[in-house]
Structure formats: C-alpha cells, structure tokens
**Q** 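Quick one: the structure is below, and I'll ask about it shortly.
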Amino acid sequence: VSSSVRPQVEVPLRRLLNGADPQGYFDAIICGDDVTHTKPAPAIYLLALEQLALPASDAIAFEDTPAGVKAAAAAGIAVYAVPNEYTRELEFPEAAAVLTSLTNALPLLDCHAGRPS
C-alpha cells in the first residue's frame, strides 16, 4: 500500500527485483491512483483488505508517516511506525509502537501470525 502513483511504486520494485514484474511477488499492490482519497483516509488500506479477502484483524502495517499510521489505524489494522529521516521527530499517537528499523519488525510478524518470537 502506497499513496504514490503506480509508476512511482512499480519502477523501484522492478529495480529491486532485477526487472521482474512485481505483480508476481505480491498478492496485491495498491497505489494512490487506485483510490479517490489517499492517506490519512483509510480507503487505500480498505481496498487492500478487500482485494486480499482479509479481515483487518489479520493484517499488520508498517508506516513511516503520521498520515500512513492514521490510515492503517482507521482501517482497523494493527500499525507500527517506522519513521524515516524526515519523520523521525514527529508524533505517531495511533501506532502500537514506534520502531527504529524494519529489522525490529521481524518478531512482530511472527507474533502477529500466531507464532512465538
């Protein structure tokens, strides 16, 4: 889920995937041009849940901006803030926790999936 338009999402993904089509690696890629209202509105996350046929209680989000955290939380998704260099000093009151790195997210993924960390 990204508020960026599809080309701004897929071009870097293709680079990371050595030119491969990102659609082959993700069950859904939802972009800002897929919804009328982007973050902090929850529409982008609600569309992702719908396309994945997933209840919000089974989802987890990692966001680097307050607007992203608000959007995920408003969709009922457990959300963790992982601030970037520009958002590090901002507040994330809707986040379950603020992480210093995505590396810290790995145990959360196991716990959220019902596996002990």
**Q** Could you state the interatomic distance from CD (Gln8) to OG (Ser3), rounded to the nearest 0.5 Å?
**A** 11.0 Å
**Q** Is it the case that one hydrophobic cluster holds both Leu49 and Ile30, taking links as side-chain heavy atoms less than 4.5 Å apart, direct or via other members?
**A**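 Yes, one cluster joins them.
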**Q** May I ask you to check whether over 12 heavy atoms, not counting those of Asp27, lie within 6.0 Å of atom CG?
**A**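 Result for CG/Asp27: open.
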**Q** Any donor and acceptor pair, going by atom type alone, linking the side chain of Thr87 with main-chain N or O of Leu90 inside 3.5 Å?
**A** no
**Q** How long is the span from the CG atom in Leu46 to the NE2 atom in His37, to the nearest 0.5 Å?
**A**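 Reported to 0.5 Å precision, the distance equals 12.5 Å.
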**Q** Can you name the nearest heavy-atom pair linking Cys31 to Ser4, along with the distance?
**A**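 Here Cys31 and Ser4 meet closest at CB-O, 3.3 Å.
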**Q** Yes or no on side-chain contact (heavy atoms from CB on, under 4.5 Å) for Leu109 and Phe62, after CA distance, side-chain angles and deciding distance?
**A** CA-CA 10 Å; Leu109 293 173; Phe62 298 96; 3.7 Å; yes
**Q** Yes or no on side-chain contact (heavy atoms from CB on, under 4.5 Å) for Asp34 and Ile29, after CA distance, side-chain angles and deciding distance?
**A** CA-CA 10 Å; Asp34 293 325; Ile29 299 174; over 6 Å; no
**Q** State, to 0.1 Å, how close Ala41 and Ala71 come at their nearest heavy-atom pair, and which atoms those are.
**A** O-CB, 3.4 Å
**Q** Hey, is the main chain of Ser101 close enough, under 3.5 Å, to the side chain of Asn104 for a donor-acceptor pair?
**A** yes
**Q** Side-chain donor-acceptor contacts of residues 9-22 below 3.5 Å, not counting sequence neighbours, with atom names and distances?
**A**
from  : atom 1 : to    : atom 2 : distance (Å)
Glu10 : OE2    : Arg6  : NH1    : 3.2
Glu10 : OE2    : Gln23 : NE2    : 3.0
Asp21 : OD1    : Gln23 : N      : 3.1

**Q** Specify the closest pair of heavy atoms between Leu47 and Val35, including all atoms of both residues, with the distance to one decimal.
**A** CD2-CG1, 3.9 Å
**Q** Any heavy-atom pair between the side chains of Val98 and Tyr80 that's under 4.5 Å?
**A** no
**Q** Side chains of Tyr45 and Glu50: any donor to acceptor distance under 3.5 Å?
**A**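 Note: Glu50 and Tyr45 side chains miss the donor-acceptor criterion.
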**Q** Do the side chains of Val1 and Tyr25 join up, straight or via other hydrophobic residues, at under 4.5 Å, putting them in one cluster?
**A** no
**Q** List the atom of Phe92, the atom of Pro83, and the distance in Å for their closest heavy-atom pair.
**A**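 What the structure gives for the nearest pair is CE1-CG, 3.7 Å.
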**Q** Is there a side-chain contact (heavy atoms from CB on, under 4.5 Å) between Lys39 and Ile44 once you walk through the steps?
**A** CA-CA 7 Å; Lys39 301 170 188 175; Ile44 200 161; 4.0 Å; yes
**Q** Any idea which heavy atoms bring Ala61 and Ile77 closest together, and the distance?
**A** N-CG2, 3.7 Å
**Q** Could you check whether any side-chain heavy atom of Leu99 comes within less than 4.5 Å of a side-chain heavy atom of Leu108, counting everything from C-beta outward?
**A**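 In short, these two side chains touch, coming nearer than 4.5 Å.
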